[in-house]
Amino acid sequence: MHRNCNRFRRPAGATTTGHAGRVHTFEVWAPTPQSVRLRVDGTDHPMRRDDDGWWRAEVDASPGARYGYVLDDDETVLPDPRSPRQPDGVHGLSQLHSLDESAWTDASWTGRQLAGGVVYELHVGTFTDGGTFDAAVDRLDDLVELGVDLVELMPVNAYNGTRGWGYDGVLWYAVHEPYGGPDGLQRFVDAAHARGLGVILDVVYNHLGPSGNYLDRYGPYLSGGQGTWGASVNLDGPDSGEVRRYILDNALRWMRDFHIDGLRLDAVHALVDHTAVHLLEELAVATYRMSAHLGRPLSLIAESDLNDPKTISPRAAGGYGLQAQWDDDIHHAVHAAVSGERQGYYGDFGSLDCLARTLRHGFFHAGTYSSFRGRTHGRPLDVGRIPASALLAYTCTHDQVGNRAIGDRPGHYLDHGQLAVKAALVLTSPFTPMLFMGEEWDASSPFQYFTSHPEPELARATAEGRRREFSEHGWDAEDVPDPQDPETFRRSTLNWAERAEPGHARVLDCYRQLLALRRERAELTDPWLEHLHVDYDEDERWIVMHRGGLHVACNLGPDPVTVPFGGAPLVWWEPVVVNRTGSATLVPGHSFVVLDSAVTPRA
């Protein structure tokens, strides 16, 4: 079969027919070097080159054999760009590896669609004291009890060092060994499916990490341009077809081989692609085809700060066809209104008018001036055609916590009533709610930026760069944690025992009640913004979302206020008083209540 017709390339090291079942076909795209040798368990083997830059060799190799490639006259053995496993880190040899298909127990899993669901973002290394996939499995029942539908893992691809956020990955096909490697990820996904939880994986295709990236030795994986995090990936230059295929094959591998239910695509605004068919659209087409083949829904969720509806518009309407995107405008509008913070990109947010407009329209900056950017930003969302479930809403994320100078969570500077108000605004909204690990009990642990670069120069540059960045914004450089200090990582690990403490337990109970109500009442999962109505009083600091027969009344101020809506209280932070006629409700300061207007409260 001609390679251009082979849309699902076999991963490197896949077994082919041969004596004793040990003949493997090794193949690598390397148009740059003049010669490529394959080294398997210390023995070199010549490789033959095709006209399109692919090198191939069929070699007897035992299961789990270590291998790599030697390019030209440099005797350094490089890992496979499509390495299925890196047991000795990203600078070491690759290892043949295949998942044990007999270990799967999720044959009856039919998937979990995003619409109507609740997403829970977590970092494997700090989610538990164990910091592994297996340790995370032990906490999945807690997420089910909470009311979560899908778990979103921060990146687990192979990066240099033992601890980090995962966005510095350099071998996209391998799974970070300290978490448990590919077998550990398989066990986690299987365990999640057994509990009815879908799994979304965060993937990074816009850049590569600073340590262990050998792709440019093989071919033109990188362009000449520079992005925010380094050299841009070559998506539209010469030989970019194979680079795009490298990305597409990687995305499909997670969903096919690891049974992943969706991908969160990091910073798609940093993808530089001027081709007629954008990489995102090409990925959406391939994912749709894979979904049809597997017989279960697969979701693509973009992280984008463009506020461009094209990302989540159907291809039939000229869009890219992704299912959803993170919506920072909702976060900013909620956070600034509740907290009063106005620094940086919060500058345009904070008023209840802004909050109401964002809740009704999905984007705040929709062809409007952004003072943070110094220009007009965004484009209006067609709320009659694009459901609000295509926008993920959240009170915090790894970015919104970890990219603060000291990684402090909202509970470090807001009271529990304010946290409850933020939760009510997000969890009863028409959008797809997403929680960040630990927020459901107001975790006391920060989530700080941590790294473990083995190279002293890189470690020093990372620490100094972060302190310099925040000192320019008014922070004392001495207050900024050293990313390389192991204590920075340890401080960021969740303390699950504190959930039983009175204050934390009350926040957790509030989250559980809100999520239970969301499952119970269809009004709360109605994704059409045309059905959402919002009232507010800027001076008295109250806002009410009307969701069918439900009123979600939030008092953002410290003093009690009377809102002109009544009904039977269903969930609240502090007890409320509904007047005798059921036409108004007294809501305490920093509190909320969900009222059922169809039920008249008892006098």
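- Annotation for G438 and Y120: closest pair N-OH, 3.2 Å, computed over non-hydrogen atoms.
- By the 4.5 Å heavy-atom criterion applied to side chains, L427 and L515 are counted as neighbours.
- For the residue pair A393 and I330, the shortest heavy atom distance occurs at CB-CG2, 3.8 Å.
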* **Worked verdict on E498 versus S444 for side-chain hydrogen bond (donor to acceptor under 3.5 Å, both in side chains)** => CA-CA 8 Å; E498 69 183 1; S444 64; 2.7 Å; yes
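- Just one of H416, H412, R409, R506 meets the side chain to side chain donor-acceptor pair (under 3.5 Å) condition when paired with D442; it is H416.
- In terms of heavy atoms, H531 sits closest to D526 at ND1-OD2, 2.8 Å.
- Annotation: side chain of L355 is not in contact with side chain of T358 (no heavy-atom distance under 4.5 Å).
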* Could you walk me through whether F364 and H332 pass the side chain to side chain contact (heavy atoms under 4.5 Å, CB included) test, one step at a time? => CA-CA 9 Å; F364 177 67; H332 298 349; over 6 Å; no
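- Considering CG of D273 and OG of S232, their distance stands at 11.5 Å, rounded to 0.5 Å.
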* To do: Before giving the answer on side chain to side chain contact (heavy atoms under 4.5 Å, CB included), spell out for Y205 and D266 the whole-Å C-alpha distance, their side-chain angles and the decisive distance to 0.1 Å.
  => CA-CA 7 Å; Y205 296 137; D266 179 68; over 6 Å; no
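- Between the side chain of N555 and the main chain of V587, a donor-acceptor pair closer than 3.5 Å is present.
- A salt bridge links R112 with D149: the distance from a Lys NZ or Arg NE/NH1/NH2 to an Asp or Glu carboxylate oxygen falls below 4.0 Å.
- Between V577 and T585, the closest side-chain pair of non-hydrogen atoms is not below 4.5 Å.
- Summarising the geometry, atom CD1 belonging to I312 is positioned 5.0 Å from atom CD belonging to Q325; distances are rounded to the nearest 0.5 Å.
- Between F436 and Y394, the distance separating the two ring centers is not shorter than 6.0 angstrom.
- A salt bridge between D353 and R357 is present, with a side-chain N of the basic residue lying under 4.0 Å from a carboxylate O of the acidic one.
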* Carefully, step by step, assess D596 and R521 under the rule salt bridge (charged side-chain N to carboxylate O under 4.0 Å, His left out). => CA-CA 10 Å; D596 188 344; R521 299 296 293 259; 3.0 Å; yes
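- Put simply, the side chain of R547 gets close to the backbone of T428: a donor and an acceptor are under 3.5 Å apart.
- Between L381 and P309, the closest heavy-atom pair is CD1-CB, 3.8 Å.
- Side-chain contact check for V507 versus E440: every heavy-atom pair is 4.5 Å or farther apart.
- Here the side chains of V199 and L150 are not in contact, with every heavy-atom distance at 4.5 Å or above.
- A pairwise comparison of heavy atoms in H551 and F565 identifies CD2-CB, 4.0 Å as the closest pair.
- H398 pairs with exactly one of Y167, W165, Y449 by the side chain to side chain donor-acceptor pair (under 3.5 Å) rule, that one being Y167.
- The pair R460-E455 fails the salt-bridge criterion, with no side-chain N (NZ, NE, NH1 or NH2) lying under 4.0 Å from an Asp/Glu carboxylate O.
- Not one N or O on the side chain of Q448 forms a donor-acceptor pair closer than 3.5 Å with the backbone of S492.
- The ring of H365 has its center closer than 6.0 angstrom to the ring center of F349.
- Inter-residue side-chain proximity for L279 and D236 is flagged as unmet; no heavy-atom pair is nearer than 4.5 Å.
- In this structure, the side chains of R467 and E464 stay at 4.5 Å or more apart for every pair of heavy atoms.
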* Test V124 against L153 for side chain to side chain contact (heavy atoms under 4.5 Å, CB included), laying out the working first. => CA-CA 7 Å; V124 175; L153 301 178; 4.0 Å; yes
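- Electrostatic pairing of D142 and R139 counts as a salt bridge here, judged by a charged N lying under 4.0 Å from a carboxylate O.
- Between Y159 and W172, the gap from one ring centroid to the other reaches at least 6.0 Å.
- Closest approach of G166 to P155, counting heavy atoms only: O-CB, 3.2 Å.
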* **side chain to side chain contact (heavy atoms under 4.5 Å, CB included) between W326 and I301, intermediate numbers included** => CA-CA 7 Å; W326 281 23; I301 305 169; 3.8 Å; yes
* **From CA spacing to verdict: salt bridge (charged side-chain N to carboxylate O under 4.0 Å, His left out), E439, K422** => CA-CA 11 Å; E439 77 162 85; K422 293 180 72 175; over 6 Å; no
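- Counting only distance, with no hydrogens or angles, the side chain of H278 and the backbone of L280 share a donor-acceptor pair below 3.5 Å.
- Taking the six-membered ring where the residue is Trp, the centroids of Y346 and H335 are separated by under 6.0 Å.
- Among the candidates T128, L494, V401, V151, the single residue satisfying the side chain to side chain contact (heavy atoms under 4.5 Å, CB included) test with M437 is L494.
- Under the 3.5 Å distance criterion, the side-chain polar atoms of T432 are left unmatched by any main-chain donor or acceptor of A115.
- Side-chain atoms of H176 do not come within 3.5 Å of backbone N or O of Y179 as any donor-acceptor pair.
- No more than 12 heavy atoms of other residues, nucleotides or ligands lie within 6.0 Å of CZ in R385, so this atom counts as exposed by the packing criterion.
- Tested against I247 for a side chain to side chain contact (heavy atoms under 4.5 Å, CB included), the candidates L271, L283, V233, V203 yield a single pass: V233.
- The backbone N or O of E152 lies less than 3.5 Å from no partner atom in the side chain of R264, so there is not a single donor-acceptor pair.
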* Could you walk me through whether H453 and N160 pass the side-chain hydrogen bond (donor to acceptor under 3.5 Å, both in side chains) check? -> CA-CA 7 Å; H453 300 305; N160 198 22; 5.8 Å; no
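- Q400 places none of its side-chain heavy atoms less than 4.5 Å from the side chain of F447.
- At least one donor-acceptor pair under 3.5 Å links the side chain of E303 to the backbone N or O of A267.
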* Test S583 against N579 for side-chain hydrogen bond (donor to acceptor under 3.5 Å, both in side chains), laying out the working first. => CA-CA 7 Å; S583 60; N579 67 6; 3.0 Å; yes
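- Note that the CE atom of M545 and the OH atom of Y536 stand 15.0 Å from one another [nearest 0.5 Å].
- D129 contributes no side-chain N or O that, together with a main-chain N or O of T493, makes up a donor-acceptor pair within less than 3.5 Å.
- Enclosure of atom CZ in R379 is not indicated, since only 12 or fewer non-hydrogen atoms of other residues, nucleotides or ligands lie within 6.0 angstrom.
- Looking only at distances, no side-chain donor or acceptor of H361 sits under 3.5 Å from a matching main-chain atom of D382.
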